[in-house]
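Before anything else, here's the structure in question.
Here is how names work: the chains are called A, B, and so on, in the same order as the sequence lines, proteins then strands, and each is numbered from 1.
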Protein chains: 2
Amino acid sequence: MTETKPFNSTEYMNHISLDCVIFGFNNNELKVLLLHLKYSKEYALPGGFLKYDETLEQAAQRIVKERTGLDKLFLKQFKVFSDPDRSKSNKAIFDADMAGIKPDKSFFDKRFISVGFYALVDFRKVKPTPDLFSDHCDWVSLNTDVSMLLDHKLIIENAISTLRLQLSQQPIGLKLLPRKFTMPELQTLYETILGRDLDRRNFQRKMLNYNILDKLKERKTGGAHKSPYLYSFNMERYQKALEDGLSGIW
Amino acid sequence: MTETKPFNSTEYMNHISLDCVIFGFNNNELKVLLLHLKYSKEYALPGGFLKYDETLEQAAQRIVKERTGLDKLFLKQFKVFSDPDRSKSNKAIFDADMAGIKPDKSFFDKRFISVGFYALVDFRKVKPTPDLFSDHCDWVSLNTDVSMLLDHKLIIENAISTLRLQLSQQPIGLKLLPRKFTMPELQTLYETILGRDLDRRNFQRKMLNYNILDKLKERKTGGAHKSPYLYSFNMERYQKALEDGLSGIW
DNA sequence: ATAATAATGTGTCGCAATGACACTAGGTGT
DNA sequence: ACACCTAGTGTCATTGCGACACATTATTAT
C-alpha cells in the first residue's frame, strides 16, 4: 500500500473528510505525526476522504496505514469540525496545483466537514511516509509551535483534551508505549498528557495497585544512573480494569 | 418556528444528517423524546440535515427547537454513525411518500452519515411537536422497548453510554432537573444514568461535600410521607467544580 | 580508586474519602 | 394510636492518597 496512486475524486464522498491526530511517545515527549506541505510550507494533519463503501473507522485505518505503514491501530473518533468557513482558502488545493496533480476543483472547492480521529501508536514501529501533497512527514513535539493548515491546530488541541479525559477509560499507556517500559517512562507519559507533575512514589503505588502491570526480572541498562526495572501490561487484567475505568482522576 | 414549511432538499447538504437524543427526567425515569412515524409505525429520533451555512451545533439546536420549542439547549456531539448500509431501506422515505410529501428521491436515496447529538432538557418545559413524517411526538421511557427506525436504537444506546461517562464532567443534573429538586430526585437521576443503586446516605454526603448545592428553606410538600428538602444548584460553584470534573467515579 | 551526582527502589505517617450500617423524625392511611 | 413508608442525620472501620525520607545503584568527574 506504499504505491502512490493518483488522486481520483470520484472514489470519494463529497463534503466529508477525516483528519487523524496520530500520537506517539518518544524521548519522553508526546509527539504528533504531521505532513509538511510541499508549497504552502505549512504542516497538516494526515487526512483523507470517505469512500462510498467504507465506514469512517475503515477510512481512518486506511489513512493512518498510508502514513505509518501500520495496521489495525487504536483509533477513536473524538469530534466533528463543521464550521462552514473551515475549509475556505484551502491551501491543499494550491499545493496540489503546484505539485502538478490537477485537483478536481469541483470536489475540493466544496464545503467539507471533517471527522477528527486520534490514533495511539508505538513510535518505534512507524515509518513516516509523505503523501502526494507533502514533501516530508515528521514527528512534531507538542511543545513545538509550527504553522498549520486551516483549523488543524484546533483539531490537535481537541484531541489532547479528549486524550486527557479518556486517560482512565482507554488503554492509552498500552498503545503508546513499547511492550517493555519503565515506571518513569509510564509516569512521564501520564505527566505529558495531563500537563502536570506527579509524585514519583505515589504514582508507582497507585499504578501497581491497579494490578495491571507485570514487573519483569530485567532492568533497563545503558541509561545514566540507577537502572530502572522493566514492566509490561498484563493484557487480561488491563482490559478487565478498563471496563470499569481505572478509578480516580489523576 | 412552529410553522410547517414543506421540505426542500436543495437547502441541505448531501450525505450528512443529524440525530438528536433528547433526554428528559420525569416521574423518576429517564426518557427520550421520540417521533412516531405516520405509516411505518416505528419510532424515530428527531433528526434533520445540515444547511449550507450552518455548523452542526446550530443545526442540532434548530432541530431540537422544532421538536421541543426550546432555545439554547445543552447539546453535545457524541458519535458519528457511518455504516454504509445504515440508511438503506429508509422507511422515512416511504413515510414521506405516504404522507404525500413528494420527497426528493435523489436526495434521500443517497448514503447518509449521521452525527449523533444528545440534549438534556427540563422535561416540564418541553412541548413535544411532531414533524411532517410523524403523527405524534412522545416521551418514551428507556425501559420501554419500542420498534425503531434504522440504527436509532443503537444511537440511543451510545448516547446513554456517553452520558454515563460524562456524568462527572458535564452539568447533567443541572440540565435535566427543574431549578428546585429534592435529594432523592437527584439520586434517582444518578442511579438511572449509572444503572445501579447508590447508598442514600453516602450519596447525600458526597453531593453536599462538592459544595455545589444550595439547601433551600422550603420542603417539597404534597407527596406521601416525610417532606424532603428542596435544593438548587449553585451555578458559580457548579461551573467551577466541573472544570476539574467532580472527583471520583460513582 | 574514590567521591560526587543523579536517578531509582522502597517505606512511613496522617488526613480525607468511602462504604457499610442504625437510629430518629415527619408525613400518610387505617 | 398505630403501622408503614420515606427522609434527615450520625458513626465507625477501612482504604486511598498526598506529603515526605532514606537507602540503593549507576554514571561521571577528580
Side-chain angles (χ1 to χ4, degrees), chain A residues 25 27-29 167-168 173 177-178 180-192 194-232 237 241 244-250, chain B residues 27-29 167-168 173 177-178 180-192 194-232 237 241-242 244-250:
Chain A
F25 190 64
N27 198 21
N28 275 345
E29 287 184 308
L167 189 57
S168 305
L177 290 169
K180 299 174 181 179
F181 54 89
T182 68
M183 194 59 77
E185 284 167 350
L186 183 60
Q187 182 177 345
T188 308
L189 171 60
Y190 271 68
E191 288 177 334
T192 307
L194 293 172
R196 63 192 174 86
D197 291 345
L198 301 169
D199 184 276
R200 199 165 58 85
R201 296 150 287 193
N202 295 337
F203 178 83
Q204 169 146 340
R205 179 181 52 195
K206 194 165 175 175
M207 263 300 162
L208 293 178
N209 279 344
Y210 285 145
N211 221 23
I212 54 174
L213 297 181
D214 291 330
K215 184 175 185 170
L216 307 178
K217 298 256 153 68
E218 310 169 64
R219 286 157 168 265
K220 175 166 194 164
T221 58
H225 317 300
K226 181 171 182 177
S227 335
Y229 282 100
L230 287 167
Y231 293 83
S232 64
R237 285 200 289 253
D244 302 329
L246 299 173
S247 69
I249 311 282
W250 283 87
Chain B
N27 198 23
N28 275 345
E29 288 184 308
L167 189 56
S168 303
L177 291 169
K180 299 175 183 180
F181 54 89
T182 68
M183 193 60 76
E185 283 167 351
L186 182 61
Q187 181 178 346
T188 308
L189 172 59
Y190 270 68
E191 288 177 333
T192 308
L194 293 172
R196 62 192 176 86
D197 290 344
L198 300 170
D199 184 277
R200 198 167 58 84
R201 297 151 285 194
N202 295 337
F203 179 83
Q204 168 145 334
R205 178 181 52 195
K206 194 164 177 176
M207 263 300 162
L208 292 178
N209 279 343
Y210 286 144
N211 221 23
I212 55 173
L213 297 181
D214 291 330
K215 184 174 186 169
L216 306 178
K217 298 254 152 69
E218 312 168 63
R219 287 158 167 265
K220 176 164 193 166
T221 58
H225 319 300
K226 181 172 180 176
S227 335
Y229 282 100
L230 287 167
Y231 293 83
S232 63
R237 287 200 288 252
L242 283 173
D244 303 329
L246 300 173
S247 69
I249 312 283
W250 284 88

Problem set entry | Separation of D/dG16 P from A/L208 CG (nearest whole Å) | 13 Å

Exercise. Any side-chain heavy atom of A/K226 within less than 4.5 Å of one from A/R219?
Worked result: yes

Exercise. Can you check whether B/M207 reaches B/Y190 side chain to side chain, under 4.5 Å on heavy atoms?
Worked result: yes

Problem set entry | The single option from B/L194, B/L167, B/L177 passing side chain to side chain contact (heavy atoms under 4.5 Å, CB included) against B/L189 | B/L177

Exercise. C/dG9 P sits how many Å from A/L186 CG, rounded?
Worked result: 12 Å

Seminar exercise, completed: Distance col, row B/K220:NZ vs B/L230:CG, nearest 0.5 angstrom, shows 7.0 Å

Exercise. Which nucleotide sits closest to the side chain of A/R201: D/dG10, C/dG19, D/dC20?
Worked result: D/dC20

For this session: Would you mind reading off the distance between A/E185 atom CD and C/dT8 atom C1', rounded to a whole angstrom?
Result: 13 Å

Exercise. Whole-Å distance between D/dA23 C1' and A/R200 CZ?
Worked result: 11 Å

Exercise. Whole-Å distance between C/dT8 P and A/Y231 OH?
Worked result: 12 Å

N/O contacts under 3.5 Å, protein versus nucleotides 25-30 of chain D?
from	atom 1	to	atom 2	distance (Å)
D/dA26	O4'	A/H225	O	3.4

For this session: Let me know, please, whether A/P228 or A/R205 comes out on the 5' side of the other along DNA chain C by nearest nucleotide.
Result: A/P228

Exercise. Would you say B/K206 reaches C/dA17's phosphate, i.e. side-chain N/O to OP1/OP2 under 4.0 Å?
Worked result: no

Exercise. Hey, which of these two, A/N209 or A/D199, hits DNA chain D nearer its 5' end, going by closest nucleotide?
Worked result: A/N209

Exercise. Base, sugar-phosphate alone, or nothing: which one does A/K215 contact when heavy atoms must sit under 4.0 Å apart?
Worked result: sugar-phosphate

Exercise. Atom CD of B/E218 to atom P of D/dA7: distance rounded to whole Å?
Worked result: 17 Å

For this session: Flag the pair B/R237 / B/D214 as yes when at least one side-chain heavy-atom distance between them is below 4.5 Å, and no otherwise.
Result: yes

Exercise. Quick one: does A/Q204's side chain get under 4.5 Å of A/Q187's, heavy atoms only?
Worked result: no

Exercise. Between A/L216 (CG) and C/dG9 (C1'), how many Å, whole number?
Worked result: 16 Å

Exercise. Rounded to the nearest Å, what distance is computed from the OH atom of residue A/Y210 to the P atom of nucleotide D/dT15?
Worked result: 17 Å

Exercise. Got a sec, which residues hit side chain to side chain contact (heavy atoms under 4.5 Å, CB included) with B/K215, two or more places apart in sequence or on another chain?
Worked result: B/Y229, B/Y231

Exercise. Can you check whether B/Q204 has a side-chain N or O nearer than 4.0 Å to OP1 or OP2 of D/dA7?
Worked result: no

